[in-house]
Amino acid sequence: MNFIELQDTLQNLTKQRIFLTDFAKILNCGKANISNRAKNGSEVTVSELQKIENHFGVSLYKSNNDKEPVLIPDVNIGVQFDFDQWGKRLLMLQVASKMLDSSDFAKFLDISENRLDDFIRKNKYPTGEEILKIKSKFSKTNLDWLLFGEIN
């Protein structure tokens, strides 16, 4: 989910006007930073999402322990989420594993925090070695889903 999608989702959920400057205050960063990330369609990290959820007192996502990790709104807000990108599926695994701190999740996956950031924000794809590391940590996760967003 990028900042614009998050802004729309929160506005529908809370019925209040949410501005990108609100995100900058919550995340303790500059308005220009959030504005640039929104313009570029950058993904919101799990730790950022957690801060925003805590601030507004809402929960946007949950996981299903019996099946592949899924992210779904707790309430029907009429927003269609598109999970066709590798970084988004990796975020889904992060939420499902309940490791909301990105540095902890990167350590768990045995990859650098910068590489995790590349996956999530820049939609970079993993090397074969990285796929094996991630797959070994999520052995019940379907590899086709993980790589392509499809389950055959």
Side-chain angles (χ1 to χ4, degrees), residues 1-10 12-14 18 20 22-29 33-34 37-38 40-152:
M1 173 180 292
N2 64 40
F3 282 97
I4 299 300
E5 292 167 333
L6 178 60
Q7 182 181 24
D8 291 342
T9 300
L10 283 171
N12 288 330
L13 188 61
T14 63
I18 311 270
L20 291 175
D22 296 327
F23 295 148
K25 288 176 190 172
I26 295 165
L27 300 176
N28 197 26
C29 64
N33 180 316
I34 295 296
R37 288 183 60 195
N40 294 330
S42 295
E43 295 295 312
V44 179
T45 67
V46 173
S47 57
E48 290 171 335
L49 182 61
Q50 183 182 29
K51 289 177 186 177
I52 292 166
E53 285 180 331
N54 288 340
H55 178 83
F56 288 102
V58 298
S59 177
L60 298 172
Y61 298 108
K62 63 183 178 181
S63 66
N64 178 343
N65 295 329
D66 296 330
K67 298 178 184 173
E68 294 299 328
V70 294
L71 299 178
I72 57 174
D74 284 341
V75 294
N76 182 5
I77 53 177
V79 176
Q80 179 65 41
F81 292 94
D82 176 17
F83 294 119
D84 64 344
Q85 295 177 9
W86 158 253
K88 288 183 180 181
R89 289 189 299 280
L90 196 57
L91 279 174
M92 293 166 71
L93 289 176
Q94 185 176 358
V95 170
S97 67
K98 297 183 170 62
M99 278 185 253
L100 301 181
D101 182 85
S102 294
S103 63
D104 290 343
F105 190 61
K107 286 178 190 170
F108 172 74
L109 296 177
D110 193 25
I111 61 175
S112 73
E113 200 171 342
N114 286 339
R115 188 66 174 144
L116 178 62
D117 189 57
D118 283 347
F119 293 151
I120 294 170
R121 291 190 185 182
K122 299 174 185 159
N123 201 33
K124 302 263 179 167
Y125 285 88
T127 64
E129 182 179 338
E130 290 166 332
I131 291 169
L132 292 175
K133 286 179 183 180
I134 294 166
K135 179 62 177 156
S136 72
K137 301 295 183 178
F138 295 97
S139 60
K140 294 182 181 179
T141 298
N142 182 291
L143 193 58
D144 285 337
W145 172 82
L146 182 61
L147 296 176
F148 310 110
E150 302 170 358
I151 298 177
N152 294 328

Taking all non-hydrogen atoms of both residues into account, name the closest pair between [X] and [Y] and its distance.
X	Y	value
M99	D104	SD-O, 4.1 Å
L116	S102	CD2-O, 3.4 Å
I4	A38	CD1-CB, 3.9 Å
V95	L100	CA-CD2, 4.4 Å

Please say which of K135, K137, K133 ends up in a salt bridge (charged side-chain N to carboxylate O under 4.0 Å, His left out) with D110. K133
I'd like to check [X] versus [Y] (side-chain heavy atoms, cut-off strictly below 4.5 Å). Are they in contact?
X	Y	result
D101	K107	no
I120	Q94	yes
L109	L90	yes

Is there a donor-acceptor contact under 3.5 Å from the side chain of Q7 to the main chain of I18? yes
Quick one: pull up CG in L93 and CZ in F105 and give me the separation to the nearest 0.5 Å.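 Reported value, rounded in 0.5 Å steps: 5.5 Å.
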CG on L91 to NZ on K88, rounded to 0.5 Å: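 Output value for this atom pair is 9.0 Å.
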Look at the aromatic rings of F138 and F108 and report parallel, tilted or perpendicular, splitting at 30° and 60°. perpendicular
Under the ring pair (Phe, Tyr, Trp, His ring centres under 6.0 Å) test, residues paired with F23 that sit two or more places apart: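 With neighbours one apart ignored, the set is F3.
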Only counting residues at least two apart or in another chain, list the ones meeting side chain to side chain donor-acceptor pair (under 3.5 Å) with E48. R37, T45, R121
